[in-house]
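What follows is one structure encoded as structure tokens, with my remarks underneath.
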Number of protein chains: 2
Amino acid sequence: MMSDAQKHMEKLMQELRRGTITIGVLSQLSEPQYGYSLVTMLGDKGIQVEPGTLYPLLRRLEKQGLLASQWDTNDTRPRKYYLLSETGKEVYDLLVVEWKGIVESLNHVINPKGGNEDGTD
Amino acid sequence: MMSDAQKHMEKLMQELRRGTITIGVLSQLSEPQYGYSLVTMLGDKGIQVEPGTLYPLLRRLEKQGLLASQWDTNDTRPRKYYLLSETGKEVYDLLVVEWKGIVESLNHVINPKGGNEDGTD
DNA sequence: CATTATAGTATATGACGCACACTATTGTAA
DNA sequence: TTACAATAGTGTGCGTCATATACTATAATG
């Protein structure tokens, strides 16, 4: 049985992850990867992604022109390889800059100039 | 006229911000604040929040038990002051931990082993 | 006292990504 | 062939965020 705090954490954490999955995926696609391998390799690096989340994401990004895809049927099983497009590279770079900005802003409000939690104000 | 890359950036950035607003808000509520003051003070610190975003957020968080509110009618205009509840403090602390985890994971995939972008591997 | 401007609070609406629970297909081992 | 793992895909529901809008009360002005 979960505490109240933890119950809400689930949703909150999910929202927190939003958008970051996109960066994670884009970051891996300087070299071609297919869906299943992305799930695995991102999971290894501490970024859990559900297949049901990743596949739609990949198709979205492709439709937006950030990714290019290509079926490989030579191998044992047919796999759909995705790769960053030129636009995708631009967007990824910009996104990283944005991301760092957000991290910085948030760090400021989270750690208020060193933390005076002893109350000596 | 925006480039393709920038057009998609808008949405992507918005998604990236999602959830971070919650942390930002919670971080300011160790001391009581009302809606308008939060918009102002967060804006000052680089976190833009629309009033139409903040107010529903505050009510959500209160309904979830993370915040307590109290009308102050003594002052010139009636203002609704929000403050972290005990649960809210717990959740906030956990959220910060989660956030730092996400930042760390993402930093790993964004800067692969310190950035070997000269290709000397 | 009536009117207007402004600070502050509230809500409805729409868009969209994410998780979850499926289904479908293919290859491999039993 | 059957059963299971690998791979890709879809549909639904939920929740947050932005935009626009309305509402209330005070202050200012005539």
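Proteins get letters first, then strands, A, B, ... in listed order; numbering begins at 1 in each. Below, all heavy atoms of this structure are taken into account, side chains as well, without hydrogens, waters or symmetry copies.
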Which whole-number value in Å describes the distance from [X] [atom1] to [N] [atom2]?
X       : N      : atom1 : atom2 : value
A:Gln33 : D:dA6  : CD    : C1'   : 16 Å
B:Trp71 : C:dA7  : CH2   : C1'   : 12 Å
B:Met9  : C:dC16 : CE    : C1'   : 17 Å
B:Tyr34 : C:dA10 : OH    : P     : 14 Å
A:Glu62 : D:dT10 : CD    : P     : 12 Å
B:Ile23 : D:dC17 : CD1   : P     : 11 Å
A:Lys80 : D:dT10 : NZ    : C1'   : 13 Å
A:Asp72 : D:dT7  : CG    : P     : 12 Å

Quick check: do [X] and [Y] have side-chain heavy atoms less than 4.5 Å from each other?
X        : Y        : answer
B:Gln28  : A:Val109 : yes
A:Trp71  : A:Lys80  : yes
A:Trp99  : B:Val103 : yes
B:Glu15  : A:Arg18  : yes
B:Leu61  : B:Gln64  : yes
A:Leu38  : A:Leu58  : yes
B:His108 : A:Lys45  : no
A:Tyr92  : A:Leu66  : no

B:Ser37 side chain to B:Gln33 backbone, donor-acceptor under 3.5 Å: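 No; judged by distance alone, with no hydrogens or angles, the pair does not exist.
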
Under 3.5 Å donor-acceptor, A:Thr20 side chain and A:Leu16 backbone: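 Such a contact is absent between A:Thr20 side chain and A:Leu16 backbone.
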
N/O (side chain, B:Lys11) to phosphate O (OP1/OP2, C:dC16) under 4.0 Å: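 The answer is yes; a side-chain N or O of B:Lys11 sits under 4.0 Å from OP1 or OP2.
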
Strand contacts (DNA chain C) in [range], 4.0 angstrom heavy-atom criterion:
range                      : answer
residues 13-20 of chain A  : A:Gln14, A:Arg18, A:Gly19
residues 96-105 of chain B : none
residues 45-60 of chain B  : B:Gly52, B:Tyr55, B:Pro56, B:Arg59

Minimum heavy-atom distance [X]-[Y], with the two atoms named:
X        : Y        : result
A:Gly46  : B:Ser105 : O-OG, 3.7 Å
B:Val91  : A:Leu12  : CG1-CD2, 3.7 Å
B:Ile102 : A:Arg17  : CD1-CG, 3.9 Å
B:Gly65  : B:Ser85  : O-OG, 2.6 Å

Given C:dC18, C:dG8, D:dC17, the nucleotide with the shortest approach to the side chain of B:Ile21: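 The listed nucleotide nearest to B:Ile21's side chain is D:dC17.
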
Could you go through nucleotides 25-30 of chain C and list every protein N or O atom that sits under 3.5 Å from one of its N or O atoms, giving the distance for each pair?
residue: C:dG27; atom: OP1; partner: A:Thr76; partner atom: O; Å: 3.0

Pair listing, side-chain hydrogen bond (donor to acceptor under 3.5 Å, both in side chains) test, anchored in residues 48-62 of chain B, at least two apart: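 Found B:Glu62-B:Ser69.
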
Terminal helix-axis angle for the helix from C:dC1-D:dG30 to C:dA30-D:dT1, with five pairs defining each axis and rounding to 10 degrees: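 The value is 10°.
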
Value rounded to 0.5 Å, distance of OG in A:Ser30 from CG in A:Leu83: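 A:Ser30 OG to A:Leu83 CG: 8.0 Å, rounded to 0.5 Å.
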
